[in-house]
2 protein chains.
Amino acid sequence: MKNQKRTTIYDIAKKLNLNASSVSRALSNNSNVSEATRKLILDTAKELNYKQNSLASNLRKGHNQTIGVIVPRINQNYFADVIAGIEEVTYQKGYNLVICQSNESSAREVKCVNTLINQHVSCIVISLSADFEDDKHLQTIKEHGIPLIQFDRVAEHLDTFKVLNDNEQASIDAVSHLIEQGYKRIALLEGPQNLNIFRQRKAGYLAALKKYKVPVLPELIKENAWTKELGAESTKELLNLAEPPDAIFASTSDFSALGVLEVATKMGLKVPEELGICGYSNEAFTEITSPSITTIDQYSVSMGKTIANLYFQEIESSEKDNNPKIVSIKPKLIVRSSTLRNKTEGY
Amino acid sequence: MKNQKRTTIYDIAKKLNLNASSVSRALSNNSNVSEATRKLILDTAKELNYKQNSLASNLRKGHNQTIGVIVPRINQNYFADVIAGIEEVTYQKGYNLVICQSNESSAREVKCVNTLINQHVSCIVISLSADFEDDKHLQTIKEHGIPLIQFDRVAEHLDTFKVLNDNEQASIDAVSHLIEQGYKRIALLEGPQNLNIFRQRKAGYLAALKKYKVPVLPELIKENAWTKELGAESTKELLNLAEPPDAIFASTSDFSALGVLEVATKMGLKVPEELGICGYSNEAFTEITSPSITTIDQYSVSMGKTIANLYFQEIESSEKDNNPKIVSIKPKLIVRSSTLRNKTEGY
DNA sequence: CTGAAAGCGCTTACAG
DNA sequence: CTGAAAGCGCTTACAG
């Protein structure tokens with residue numbers, strides 16, 4: 001691959017018999033240049049096809065207008081939307097994004113963190129991988145003085161910026177809705193409990209049952225059912241119980257809920273009459289399954305914007321540590337056909 | 001935000017009474033260091049929490065192990081999957097990705113290109129925005145000696161690496177399938193004709209009709225129907241014709257096909273008996289609509305891997321310009337219920 | 001095997 | 001308003 005020499009400010013300076021510092025000043029819109037020489041310099045820059053070398057500029061300035069983002073998977077709607085939201089804001093500010101995926105592996109997550117630190121990014125945004133246990137790599141980020149914003153799946157005890165969903169309240173809303181629709185035996189598909197979000201969703205489930213004085217039945221709580229396949233698996237087991245549930249809250253994801261729906265359909269159960277189904281995340285497909293699936297919208301794009309704004313607010317504020325460090329976004333229950341047994345309720 | 005000083009190779013050198021060059025050699029696994037000093041250096045680096053500054057390293061080495069990717073939207077399944085594929089390969093090689101979205105605007109695309117050139121990325125991967133007209137910015141990339149890989153939506157006449165889908169053949173397959181299923185009046189929803197992919201899909205439609213000697217009816221060809229809403233709009237117009245179509249090929253996207261399905265369902269038409277529907281892209285939801293939607297799979301993740309491999313092959317090859325510059329991937333027709341009128345065919 | 005020096009391309013106090 | 005010089009943190013020929 002050819003490694004052709006690119007024109008530098010020295011090339012421009014030489015051509016105009018000027019000093020490189022003047023060229024630099026002119027190109028960076030610094031006021032200390034006469035209009036005449038500025039014009040001369042800009043014209044020559046154009047003529048020579050000059051592009052700034054951001055590596056050199058950032059090295060000299062000691063920072064990099066770049067934000068690093070680490071997510072478990074970029075091709076999952078939720079994360080792709082959050083990234084789109086971040087990008088929308090950072091683009092306006094002239095920042096770039098370096099995006100890494102941990103593939104749900106914390107070993108790989110650690111590597112991503114190291115790469116981003118090496119790159120001298122201005123900020124690191126992260127949502128933890130599923131096998132999260134140790135937050136040493138997050139502490140390393142802090143030790144290097146890099147602002148850290150955790151979102152959604154976070155290490156709770158670590159003092160960093162956080163943008164969260166109120167998962168517990170959302171789950172309370174979902175389960176309360178199921179109870180109000182007359183469902184009596186509500187099962188829970190739960191996700192890995194090392195992740196805060198799944199712990200909170202479970203807590204919300206339990207809180208709602210308590211609120212309505214519905215007994216908690218351990219056999220209706222299924223661990224680790226957070227893919228479509230695992231959701232289907234758990235559903236088969238649940239529906240084969242002597243006393244099967246009449247509703248399933250797939251708190252892990254809509255994919256899991258889809259697994260539930262497919263098994264129910266295959267077994268000839270009527271949804272929502274015989275089985276209510278509620279998912280989580282408001283994936284696009286939940287609107288078009290038949291029946292459509294009740295779910296929880298997490299405002300992912302707006303979460304992304306919030307994350308980016310948090311960073312810019314922080315660096316623009318003169319006083320330190322005066323800004324709220326934690327932003328919680330309230331997700332919204334989207335009621336659809338899969339739980340709407342009591343049609344007179346008028347949703 | 002605190003700007004704390006990070007430890008450099010000089011800090012390590014000073015502490016050990018060595019020269020920075022030895023430190024650099026030890027850290028870069030260069031052989032010209034004694035085992036003893038190497039160990040000493042590595043230990044001290046760990047102790048002082050040293051992280052390399054990639055900016056400086058890349059500036060000095062004259063390149064950046066980074067690949068820039070520009071796509072219209074990252075939160076569209078197709079692009080997110082391609083990016084995931086690229087990332088999978090580049091990660092193995094220790095390269096990073098800088099991802100930009102043009103938001104379907106070529107003005108913004110130009111800005112993205114400039115940013116990436118400034119960043120001295122090693123390679124730029126791009127899929128063009130919908131309002132593509134001018135390829136000046138792509139030529140700039142070439143002028144700067146940066147390898148350019150176009151994929152999917154490309155400027156055809158420009159001599160660059162290209163990773164393409166055989167859109168024409170895929171469309172021929174789709175329309176042939178419709179004809180073989182007994183559909184007689186097949187409508188086409190087409191996308192912006194300034195993009196190669198939509199021109200090719202239209203060409204495939206026309207070629208299939210010709211092959212089967214089916215007349216082309218201009219009133220069955222609808223321009224610019226590439227969102228769900230526009231697809232629905234066009235479908236209404238089509239179905240209100242004196243002689244409406246009995247099948248619709250939404251060559252633009254599955255979203256458009258979804259619009260078709262919704263209108264058909266609302267109007268009480270039976271799919272596939274009274275109306276056949278075929279989409280494009282194999283979005284996840286096409287499998288779970290009722291009926292499920294026949295569509296075309298573009299092997300997006302594997303496209304991403306192909307793109308990345310193309311780059312690495314090129315830089316690793318000693319002979320220049322000996323590698324195939326254009327890779328075409330044959331998409332696959334996925335036949336589902338929405339076009340399966342003739343069930344005895346045994347799909 | 002180790003050191004001294006130059007240089008990647010830029011920015012920025014410091015003079016004048 | 002312009003120039004000369006130093007330095008961001010690293011790598012790499014060149015000596016020895």
- Residue pairs, two or more places apart or on separate chains, that pass ring pair (Phe, Tyr, Trp, His ring centres under 6.0 Å) and touch residues 97-142 of chain B: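 Residue pairs with at least one partner in residues 97-142 of chain B: there are none.
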- Query: What residues, two or more places apart in sequence or in another chain, satisfy side-chain contact (heavy atoms from CB on, under 4.5 Å) together with B:S300?
  - Reply: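 For B:S300 the side-chain contact (heavy atoms from CB on, under 4.5 Å) partners, ignoring immediate neighbours, are B:Y78, B:D81, B:V82.
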Report the distance from atom [atom1] of [X] to atom [atom2] of [N], rounded to the nearest whole Å.
X: A:R25; N: C:dC10; atom1: CZ; atom2: P; value: 15 Å
X: A:I41; N: D:dC1; atom1: CD1; atom2: C1'; value: 11 Å
X: B:L27; N: D:dC10; atom1: CG; atom2: P; value: 9 Å
X: B:L16; N: C:dC1; atom1: CG; atom2: C1'; value: 16 Å
X: B:K39; N: C:dC1; atom1: NZ; atom2: P; value: 17 Å

- Note on the structure: Secondary structure of DNA chain C per the Watson-Crick/G-U criterion (both distances under 3.5 Å; [ ] crossing, | other strand, . unpaired) is |||.||||||||.|||
- Query: Looking at residues at least two apart in the chain, or sitting in another chain, which of them share a ring-ring contact (aromatic ring centres under 6.0 Å, His included) with A:Y10?
  - Reply: none
- Query: Who passes ring-ring contact (aromatic ring centres under 6.0 Å, His included) against B:Y95, sequence neighbours left out?
  - Reply: B:Y311, B:F312
- Item | Distance-only donor-acceptor check, side chains A:S21 and A:N19, under 3.5 Å |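 Per modelled atom types, A:S21 and A:N19 side chains form a pair under 3.5 Å.
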- Partners meeting salt bridge (charged side-chain N to carboxylate O under 4.0 Å, His left out) with B:E133 (sequence neighbours left out):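 Partners of B:E133 by the salt bridge (charged side-chain N to carboxylate O under 4.0 Å, His left out) criterion come out as none, since no residue qualifies.
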- Message: Taking any heavy-atom pair under 4.0 Å as a contact, classify A:S28: base, sugar-phosphate, or nothing.
- Response: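 Nothing, no nucleic acid heavy atom in range.
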- Remember a base hit wins even if backbone is also touched, and classify A:S22 as base, sugar-phosphate or nothing at under 4.0 Å, heavy atoms.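 Contact class for A:S22: sugar-phosphate only.
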- Message: Filter on salt bridge (Lys or Arg N to Asp or Glu O under 4.0 Å), then keep only pairs touching residues 101-119 of chain A, sequence neighbours left out; what's left?
- Response: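 Sorted pair list: A:E104-A:R153, A:R108-B:E87.
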- Tell me the salt bridge (Lys or Arg N to Asp or Glu O under 4.0 Å) pairs involving residues 7-23 of chain A, sequence neighbours left out? A:K15-A:E47
Dump every N/O contact between nucleotides 5-9 of chain D and the protein below 3.5 Å, one line per pair.
{"from": "D:dG7", "atom 1": "N2", "to": "A:R60", "atom 2": "NH1", "distance (Å)": "3.3"}
{"from": "D:dC8", "atom 1": "O2", "to": "A:R60", "atom 2": "N", "distance (Å)": "3.4"}
{"from": "D:dG9", "atom 1": "OP1", "to": "B:K5", "atom 2": "NZ", "distance (Å)": "3.4"}
{"from": "D:dG9", "atom 1": "N2", "to": "B:A56", "atom 2": "O", "distance (Å)": "3.2"}

